[in-house]
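First comes the structure, then the notes that go with it.
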Amino acid sequence: HRFFIDADWSVDEKRITQIETFCKSISFDEPCYKYLYLTRTNDFPFFNPKPFSDKGIDRYCSLNQEKRKRILQEEFVRFKKEKIDLACFLQIVDRTKLYGIGYMIAEYYSGGKFSEETLIKMLTVSGIGEVISDYIRWCYYHDTKDIFSNALKIIDGYDSSCKLYYGVLQIPPVDYRFLEMLDQLPHDTQKGYWTSSFGIQNLSSPDIIILIMPKLFEYKLWKKAIQITKHFKEKLTINQLMEYLDKILDLVDDQESYIENMTIYEVKELVAYIEGAVADDYAQYSHLLKTELTHIFVIGWDHAKCIQHHIKKDARLFATILSKENDIENKDQMRYRRLYDRMHFCPGEIDGQIDRTILKEWIETFQICLEKQHQEDMFYAEIGRLFAYSPIGADGIMPHEAVRDMIELYSNDHLLNSYLTSTFNQRGAYPVTYGESEYRMASNYKSIADRLRLKWPKTAEIYDELYRIYDIDSRQDRIYGEDY
């Protein structure tokens with residue numbers, strides 16, 4: 001009320017004084033209660049603060065903080081003079097509001113110096129691990145870092161869960177000295193630290209990552225490994241990034257656990273960064289192709305730029321995947337099937353255009369590969385499926401002119417039906433419009449067929465069939481909408 005003196009709800013000074021006088025008159029059988037008010041850790045000063053004002057905020061905040069510190073110093077002098085038992089005091093503090101009490105004890109009760117006696121007293125009280133941890137943290141950063149090893153030995157065994165122990169291990173930055181100390185601890189303790197305590201905030205510098213990552217991989221902590229790799233990606237080489245990414249994705253596969261959307265998002269961001277850094281120099285970083293092929297389920301087809309770069313130019317890669325996807329004796333058959341299901345591309349496509357030479361060579365090579373694999377019967381269906389992912393042509397309609405020429409050259413029923421199926425599948429889920437959207441699609445396909453008919457008649461047949469199917473669907477859906 002004194003702080004917000006101008007507020008409509010604030011009580012007048014006379015009443016505040018009466019309340020204050022009454023409160024000060026209360027005596028306790030247990031003197032510890034007199035000092036409980038000191039555990040308030042917000043920015044409010046005690047007793048008579050300088051009132052809040054939107055003018056000179058820095059000034060009144062500074063004055064109130066100075067006053068708060070002065071009161072804390074005076075009160076803890078009195079606290080010790082009256083020989084108040086610190087353990088008894090900590091027994092009665094609110095367990096839901098422990099933040100800051102440890103800092104306060106370190107600065108004002110211990111006089112800014114680490115005290116084994118004080119720490120041992122606190123350890124006699126259960127449920128105040130946060131206070132003890134804050135006490136050690138304040139002394140570590142404001143007194144001397146040499147106290148850490150001694151403090152760690154003293155607190156060992158405070159609680160069966162070792163929560164305090166691992167919390168204190170979070171205090172120092174992770175540097176060469178800390179890692180050397182950690183290596184001297186029991187293996188279970190090391191595992192507990194990396195599993196429960198370690199985080200990005202503990203890193204002293206990016207240079208230490210090379211020593212940390214093996215520990216994270218050893219304990220299968222792939223989520224932390226993703227966060228650190230992503231956070232320090234600009235400090236790592238491309239080869240290091242790819243090595244870490246590969247190991248992270250191997251751990252994800254090994255654990256066969258549910259992968260959170262955020263984890264997938266972070267992996268995709270990391271892959272996108274690597275792809276950008278590679279800058280189309282995929283020949284130099286060939287290992288990236290293997291990583292994307294192995295972990296396409298997590299990375300996703302749209303982010304697998306290296307695969308797309310190679311597979312649009314080299315039919316042998318696609319033919320190999322097709323062979324393994326259909327090989328029932330291949331232990332990785334399902335992995336290749338998932339990869340195949342996600343491969344939506346048009347051969348010869350580069351930045352939205354089709355290179356005719358690459359497209360022609362791709363199709364010829366693909367046909368030869370399938371013959372060698374004894375899968376020649378799949379040729380027309382596969383190129384029909386891929387042609388459906390063609391970019392638009394210079395005239396603004398599907399497919400690209402180079403693809404139309406190939407359809408005219410290779411067209412048969414298998415190619416046509418595969419093109420149709422692939423086009424249907426690209427529509428995905430759609431809302432019910434009682435024939436309206438189907439009518440618009442049918443009209444569009446009719447328009448495309450009419451424009452293609454003279455020069456590319458076999459390609460026009462595909463769009464005539466699409467028009468016929470969607471025209472029937474639009475009529476049936478309209479009748480259903482009118483009847484029901």
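Since the structure is predicted, the reported quantities are computational estimates derived from the model, not experimental observations.
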Exercise. Evaluate the ring planes of Tyr282 and His309, with Trp represented by its six-membered ring, and classify them as parallel (under 30°), tilted (30 to 60°) or perpendicular (over 60°).
Key: tilted
Quiz item: Aromatic rings Tyr109 and Phe76: how do their planes relate, parallel, tilted or perpendicular, breaks at 30° and 60°?
Solution: perpendicular
Side-chain heavy-atom pair [X], [Y] within 4.5 angstrom cut-off:
X	Y	value
Phe366	Leu322	yes
Ile19	Val11	no
Val93	Val131	no
Met343	Ile321	yes
His287	Asp246	yes
Phe198	Ile228	yes
Arg427	Ser437	yes
Asp134	Arg137	yes

Practice problem: Answer yes if the side chains of Tyr176 and Glu180 hold a donor-acceptor pair under 3.5 Å, and no otherwise. | Solution: no
Exercise. Could you go through the side-chain hydrogen bond (donor to acceptor under 3.5 Å, both in side chains) check for Tyr135 and Ser110 one step at a time?
Key: CA-CA 10 Å; Tyr135 175 81; Ser110 292; 3.0 Å; yes
Look only at the side chain of [X] and the backbone of [Y], and say whether a donor-acceptor pair between them is shorter than 3.5 Å.
X	Y	value
Arg15	Glu13	no
His231	Gln227	no
Thr21	Thr17	yes
Thr365	Glu361	yes
Ser25	Phe22	yes
Thr421	Ser418	no

So for atom [atom1], which belongs to [X], do other residues, nucleotides or ligands contribute more than 12 heavy atoms lying within a distance under 6.0 Å?
X	atom1	answer
Phe424	CZ	yes
Ile26	CD1	yes
Phe148	CZ	yes
Arg95	CZ	yes

Would you please name every residue forming a side-chain contact (heavy atoms from CB on, under 4.5 Å) with [X], sequence neighbours left out?
X	result
Asp341	Arg337
Arg342	Ile296, Phe297, Trp301, Arg338
Tyr389	His344, Ser422, Gln426
Asp94	Thr96, Lys97

Quiz prompt | Residue pairs involving residues 294-313 (criterion salt bridge (charged side-chain N to carboxylate O under 4.0 Å, His left out); sequence neighbours excluded) | solution = Lys312-Glu349
Quiz item: Can you list every salt bridge (charged side-chain N to carboxylate O under 4.0 Å, His left out) pair that touches residues 193-215, not counting sequence neighbours?
Solution: Asp183-Lys215
Looking only at heavy atoms, what is the nearest atom pair of [X] and [Y], with distance?
X	Y	answer
Leu359	Pro347	CD1-O, 3.4 Å
Tyr140	Pro173	OH-CD, 3.8 Å
Met122	Ile128	O-CD1, 3.5 Å
Asp175	Ile208	C-CD1, 3.8 Å
Glu292	His303	OE2-O, 3.9 Å
Phe89	Cys32	N-SG, 3.7 Å

Practice problem: May I ask you to check whether Phe79 and Tyr108 place their ring centres under 6.0 Å from each other? | Solution: no
Quiz item: Looking at the rings of Tyr219 and His187, which for Trp means the six-membered one, are their centres under 6.0 Å apart?
Solution: yes
Practice problem: Could you tell me whether Lys290 and Asp250 have a side-chain N and a carboxylate O separated by less than 4.0 Å? | Solution: no
Quiz item: Hey, mind stepping through Tyr193 and Phe178 against ring-ring contact (aromatic ring centres under 6.0 Å, His included) and telling me if it holds?
Solution: CA-CA 12 Å; Tyr193 168 75; Phe178 176 81; 5.4 Å; yes
Practice problem: Show the numbers, then the answer: is there a side-chain contact (heavy atoms from CB on, under 4.5 Å) between Val403 and Cys346? | Solution: CA-CA 9 Å; Val403 172; Cys346 182; 3.8 Å; yes
Value rounded to 0.5 Å, distance of [atom1] in [X] from [atom2] in [Y]:
X	Y	atom1	atom2	result
Ile311	Leu293	CD1	CG	7.5 Å
Cys139	Asn150	SG	CG	11.5 Å
Phe345	Leu386	CZ	CG	4.5 Å
Leu169	Ser196	CG	OG	8.5 Å
Glu30	Asp85	CD	CG	8.0 Å
Glu75	Arg78	CD	CZ	4.0 Å

Quiz item: Does the pair Ser390 and Phe387 meet the rule for a side-chain contact (heavy atoms from CB on, under 4.5 Å), with working shown?
Solution: CA-CA 5 Å; Ser390 163; Phe387 285 165; 5.6 Å; no
Quiz item: Should His1 and Asp12 be marked as a side-chain hydrogen bond (donor to acceptor under 3.5 Å, both in side chains) after you check the CA-CA gap, both sets of side-chain angles, and the distance that decides it?
Solution: CA-CA 8 Å; His1 290 272; Asp12 63 84; over 6 Å; no
Exercise. Any chance you could lay out the side-chain hydrogen bond (donor to acceptor under 3.5 Å, both in side chains) test for Glu269 and Tyr265, step after step, and finish with the verdict?
Key: CA-CA 6 Å; Glu269 273 203 334; Tyr265 172 77; 2.8 Å; yes
Practice problem: Given side-chain hydrogen bond (donor to acceptor under 3.5 Å, both in side chains), test Tyr340 with Glu382 step by step and report yes or no. | Solution: CA-CA 11 Å; Tyr340 172 80; Glu382 287 302 322; 2.6 Å; yes
Practice problem: Show your working on side-chain contact (heavy atoms from CB on, under 4.5 Å) between Thr229 and Met213 and close with a plain yes or no. | Solution: CA-CA 9 Å; Thr229 305; Met213 295 302 281; 3.1 Å; yes
Practice problem: Please report the C-alpha distance between Leu182 and Leu185 in whole Å, then the side-chain angles of each, then the deciding distance to 0.1 Å, and finally whether the side-chain contact (heavy atoms from CB on, under 4.5 Å) criterion is met. | Solution: CA-CA 5 Å; Leu182 191 64; Leu185 299 177; 3.7 Å; yes
